[in-house]
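The next block holds one structure in the form of structure tokens; read it before the comments.
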Amino acid sequence: MTTNFDGPTPTEKFQRDTLQLYADGDREFERELIEEYRTSVQAHLPQLVEILAKDTFTHDDEEGAVLHSHDIKGCSSYIGAEAVRFVSGKMEQYCKAKEYKEASKYSAELEKEVTRIFSILDKYLADPEAEIDVEGDGDVGANNNTDKSNSNNNDKTDPKKEETKKDGASTPTPTSQKS
């Protein structure tokens with residue numbers, strides 16, 4: 001099966017400019033987004049892994065696998081958790097195709113990437129201006145620029161992208177707006 005998520009997982013784990021753009025420079029909103037992200041992923045990841053570990057799947061399992069992988073992918077896109085977005089997106093595509101055993105092969109990688117992004121986000125929250133190891137390889141500053149030419153942005157949602165309605169009016173795409 002060919003998906004929008006073929007190939008290796010992006011080496012860039014965190015794209016801070018994605019989070020900063022979405023939060024429009026509001027540090028408190030960034031903190032809220034990160035905390036909501038952590039809560040959402042902590043709720044969905046164990047359920048996804050549990051479902052995919054089964055030998056047989058009920059209709060509810062099938063729907064749950066798609067829902068959980070989709071939620072992780074979606075919330076990852078808003079904060080710039082690129083590797084988590086990519087792996088969960090790959091898993092979602094397999095779940096939609098009812099290839100659950102194939103999707104389950106990525107459970108350990110997703111758990112590893114989630115652990116990495118949580119650590120990176122903790123460091124970011126401590127000091128948003130500090131150089132952060134965005135690749136998870138121990139080398140800070142090696143890829144802390146805003147050049148995304150080396151990352152895989154398939155199916156990436158631009159948080160500031162506008163959607164044109166049938167009547168020609170434009171509205172922001174994200175459903176969550178800053179209050």
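Keep in mind the model is a prediction, meaning the values are calculated, not measured.
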Is a side-chain donor-acceptor pair under 3.5 Å present for [Y] with [X]?
X: Glu30; Y: Tyr124; result: yes
X: Ser76; Y: Tyr37; result: yes
X: Thr58; Y: Asp61; result: yes

Student check: side-chain heavy atoms of [X] and [Y] closer than 4.5 Å:
X: Phe118; Y: Gln42; answer: yes
X: Met91; Y: Leu52; answer: yes
X: Ile117; Y: Phe14; answer: yes
X: Leu121; Y: Ile79; answer: yes
X: Asp71; Y: Ser40; answer: yes

Test: Glu92 and Lys96 ion pair at under 4.0 Å: yes
Going by an N to O cut-off under 4.0 Å, is there a salt bridge joining Glu82 and Lys13? no
How about Glu50: does its CD atom have over 12 heavy atoms from other parts shown lying under 6.0 Å from it? no
Arg38, CZ atom: more than 12 neighbouring heavy atoms under 6.0 Å: yes
Could you pull out the closest heavy-atom pair between Gly89 and Lys73, with the gap in Å? CA-CD, 3.6 Å
